[in-house]
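Structure first, then comments.
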Amino acid sequence: MFIINCPYCGEREQSEFKAGGEAHIDRPKQPTELSDDQWAEYLFMRKNIKGIQFERWVHTHGCRKWFNVVRDTSNDNIKAVYKMGEKPPINNDKEFKS
Amino acid sequence: MTKNLRVKTSKFIDETYKVSFKFNGTTYYGYKGDTLASALLANDIHLVGRSFKYHRPRGIMTAGSEEPNAIVQLHNNTSRTEPNVRATEIEIYEGLEASSQNCWPSVNFDIAGINNFLSPVLPAGFYYKTFMWPASFWEKYEYFIRKSAGLGKSPTEPDPDIYEHKYIHSDVLVVGAGISGVIAAKTAAKNGFKTLLVDEKSYIGGSTIYQNSENFKINNQISSSWLEKEINEIKKFETLEIKTRTSVAAFHGYNFLLARENLTDHLPLDQRKNKTRHRLLKIRAKKVIMATGSLERPLIFDNNDRPGIMLSSAIEKYANLFGVACGEKNVLFTNNDSAYEAAISLYKKGINIEAIIDNREQIDSKLIKETEKNNIKIYKGYTVVNTTGYKRISKISIMQLSKDGQKVVGSKISIACDCLGISGGWTPAVHLFTQSGGKLKFRDEDQVFIPDIYPSDQISIGSCNGDFTLDEILTDISNKLKSFLNIKKTDYENLEVQSSFNKSKRNIWLLPSDKVIGKTKPFVDYQNDATAKDIKLALREGFRSIEHVKRYTTTGMGTDQGKLGNMHALGIISETAGSKMGELGTTTFRPPYTPLAFGTIVGRNVGEYFDIFRRTPIHDWHVKNKAEFENVGQWKRAWYYPKDDENMHEAVQRESKAARDSAGILDASTLGKIDIQGTDASEFLNRVYTNAWSKLAIGKCRYGLMLNEDGMVYDDGVTTRLDENHYIMTTTTGGAATVLGKLEDYLQTEWPELDVYLTSVTDHYATVSVCGPNSKKIVSQVIPDLDFSDESFPHMSFKNAKIGKINCRVMRISFTGEHSYEINIQANYGKSVWEKCMEIGKEFNITPYGTETMHLLRAEKGFIIVGQDTDATMTPIDLQMDWIVSKKKYDFIGKRSLYRSDTIREDRKQLVGLLTENPNEVLEEGAQIVTDIEKSPIEMLGHVTSSYYSPNLKKSIALGVVKGGKNMIGRKLIIPMENKQINVIVSDPVFLDKENKRLNA
């Protein structure tokens, strides 16, 4: 059970949160203009990384706000949290690893 | 007559307090402070159980939680009976009753002991290989295997004890209260850290506390006296909490640990009443200091499992701590100096030692010299090659080792003994460290795995870190604690340490024998009866990965998780396969470190607290009127209301008929209700439902279908426009929370620009639904001021009203197909409105109906239930609900998916009605639907989703999903059942009143 630093509430137990899958996948603005393949890419394809992963979490049993988390899936270390709509504080995987 | 092997008073045992207990039906005596194992040994009892596979007699092997053999059943045939209790851990109390496991009829004569002689035909993987074929016979084999195997019996009555969970937040957690743990805890507490010190034993001080030897001194005091003073001091710190009998079960990430605090297991049964038995501690520590110590290794040779063969450290502990001699003719067998410590302890207590077998040749440490001075015969460079004695060791045979240690040479020497202590060096207890994600490294010089990379703010100190000797432990501990706790100084700088221990060790994983390995039984995992032979067989059969060898041979898979033998298994694999131990890695150590009772895990969440349930404001009325209840999500919903001796079918038939003939009343309070407000509320609904919402007039209701982004039906319900920017949405009972969650997700992450606010109001309103041809007559009397004319209040509309002074919302909507009203009122008035409807409805035979009748009525009308007639593979098109999918809207959730290549297939499963040829035959929900029963394999077209006998249509009706069903209306299909086949005709899913005359009547 890890601890997540909710950007609105502060540090809380993992059990208060729910994971919402990979972050930064925008819903297409004009879905009807996409081919089956392009739509399938949005709908089904998700990364499953061993290492640094950008993901969405929601503080279900707290403020109910969605936000982003940068987590190393190999050891659950959380490298950063930031609000919805914000850019990741660091983009380069290598910077996280150091 | 049993002997008394209590040799000398020990201050840890209260000899003025005699305790009687029963083992296998016989009464014995011990003293307060004894464990079951020490009390049995004092009575000269070694044989306590039978092994798992070969049913070989087994004895007490250790003096701690690593015990593989001495596991017993406590309190047989009572509600407190418990299997797999380690005799080495349970403290005796007046009235304790224990018995041997895994033997029948008795531990002394066990019929399955024949397995031992059959062992040549019972190799590793025997069960896998033998019972694989034919597959259909497995059920028969299983019966016999289960009968002859199994460790202990589980209780058949509810657990009478109380368990609880507790959260603890500490600055520093110290695991293990040996000398390292005590030093660490004192240092942390003294520097103001809120510290918790836990130890699985009933006392603190670890093994140092009973090591009363001139050979080990700190600041010129005998180490045990020095430690005793430290312990007296730490008890004074207010910042320090000490918990004994507390075993850490799991070490998770972010320094989250689970520990079991054992509060009553050492008390007589009559003193346990109303007390908490175990407390599961959920500890979140800023810093963790692991001081878990180390476990002595056995030695692996032929017949190394007989009762009377024990770890040499255990023999020492029984002598020093409990004042018990484990035998009268003791022999020690070692590859390092530890056995000499034991020998000196035994000698001082006047316990006889026949000989010491040491596989090292060149040895001359201070301990050894002292031993020799006491005229104890030492065989240097020898190994044990065999032992004899079926129920108790009686003799060992030893031979000289070759220079390279691979062979034995010379002639056999026999030594009579009744107890053999073995010492193969030490293994750091790194189980918890690796659970936390820590990485180990292999230290070649003494062949141990020690902590290397820490995944969180923690350190390992003392022998769990590979510092085995007193001087190793104490030289560096001060600096380690200073840097870990970030403090300037400790009380332990410049300790003067005297330690006579020499570190030399001759490590041979599998000791050589004069026999070929096939003829020997060198046990590696005692509990699961896995031998070195089995491991070698697995390697010959091609297994390479340590994880595979483990599962194939079951090495390390017992309740002790192979705490004793795992390292030897690794050693034998690496030697046989010619790989390096460090590269082989270890198997994964999984929580719990020692087994936890189910009660401990569950805590207070038992009985009515097992799961929360929600009751509607009208619940008490349903109970009073004898309703049967159904669980829907967390709700208790009235299922049906049996009258007199009615069974469920009869009640539902009566309720269904009454609702259509005159009037029925349903408690619909459980439906999810979401209040939606904001200037973009209409736009929001347009995006989340498949149909159009912009033109819905204020005061009107509309049914909506919600999809997932993959186009599959997710939820449905009626939404009412209360005002220009104000809607109230109803969801399914089970879907309320997830629908709100999903809508919030879209609002916050995809469409933050929309001005919309969502509030769950499910609990705020009670909903009373009155339906049937007489519903208007009833509801118009409940709310006399309201205009109920069809012109003013048509189907699918809503009105604000007052009942007395109380505001309520009345919707004319219907899930039954009948003329119907729903009254929504502040929850605490729900019951009085319900009672008023009942009172006024009396003259119309108003009939309360439950969820079962509701399901039947809606099925007559062909209305779907999301989750019953749909699963996550049904689109609205599959449901023949094309009419609800807007063609004009540019986008809504799931729209694009409705014309993917897969979703436009004509042969998808589609919802249809099913009518049985025999109108009295009711189908089983879930039954398969086929067309050609002769064809092999039979093609499955679909299945029945809803099925009822309709009292209103006087025939059986069903809904089902069938491949390409839309185009099959009128076709005959077959439902094959176990003893018969039922013919059905595919029909329209609407069975009753397709023209909606009843709705608008």
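This is a predicted model, so every value here is computed, not measured. Residue numbers begin at 1 in each chain, while the letters A, B, ... track the order of the sequences.
- When each of A:V58, A:N75, A:L34 is checked for heavy-atom pairs under 4.5 Å with chain B, A:L34 comes out on top.
- In this structure, CG on B:D710 lies 9.5 Å from CH2 on A:W39, to the nearest 0.5 angstrom.
- Most heavy-atom pairs under 4.5 Å with chain A: of the set B:G437, B:P752, B:G741, B:S897, this distinction falls to B:S897.
- Here the shortest heavy-atom pairing between A:D76 and B:Y254 reads O-OH, 2.7 Å.
- The NZ atom of A:K29 sits 11.0 Å away from atom OH of B:Y890, with the distance rounded to the nearest 0.5 Å.
- Once rounded to the nearest 0.5 Å, the distance linking NE2 of B:H252 with CE of A:M1 reads 8.0 Å.
- Salt bridge A:D37/B:R900: absent, no basic N to carboxylate O contact under 4.0 Å.
- Residue B:D891 touches chain A through its side chain alone, counting heavy-atom pairs closer than 4.5 Å.
- Proximity to chain A involves both the backbone and the side chain of B:D745, based on heavy atoms less than 4.5 angstrom apart.
- Other residues, nucleotides and ligands place more than 12 heavy atoms under 6.0 Å from the CZ atom of A:F44.
- For B:E906, the CD atom sits in a loose shell: 12 or fewer heavy atoms of surrounding residues, nucleotides or ligands are nearer than 6.0 Å.
- With rounding to the nearest 0.5 angstrom, the CD atom of B:E744 is 8.0 Å from the NZ atom of A:K65.
- Rounded to the nearest 0.5 angstrom, B:R896 CZ and A:T32 OG1 are separated by 8.5 Å.
- Surrounding NZ of B:K888 are at most 12 heavy atoms belonging to other residues, nucleotides or ligands under 6.0 Å away.
- Expressed to the nearest 0.5 Å, how far CZ of A:R64 lies from CG of B:L758 amounts to 9.5 Å.
- Contact of B:F892 with chain A is made through the backbone alone, with heavy-atom distances under 4.5 Å.
- Using a 4.5 Å cut-off between heavy atoms, A:R56 touches chain B through its side chain atoms alone.
- A:D36 places a side-chain N or O within donor-acceptor distance of the main-chain N or O of B:S901, the cut-off being under 3.5 Å.
- Salt bridge B:E709/A:R27: present, at least one basic N to carboxylate O contact under 4.0 Å.
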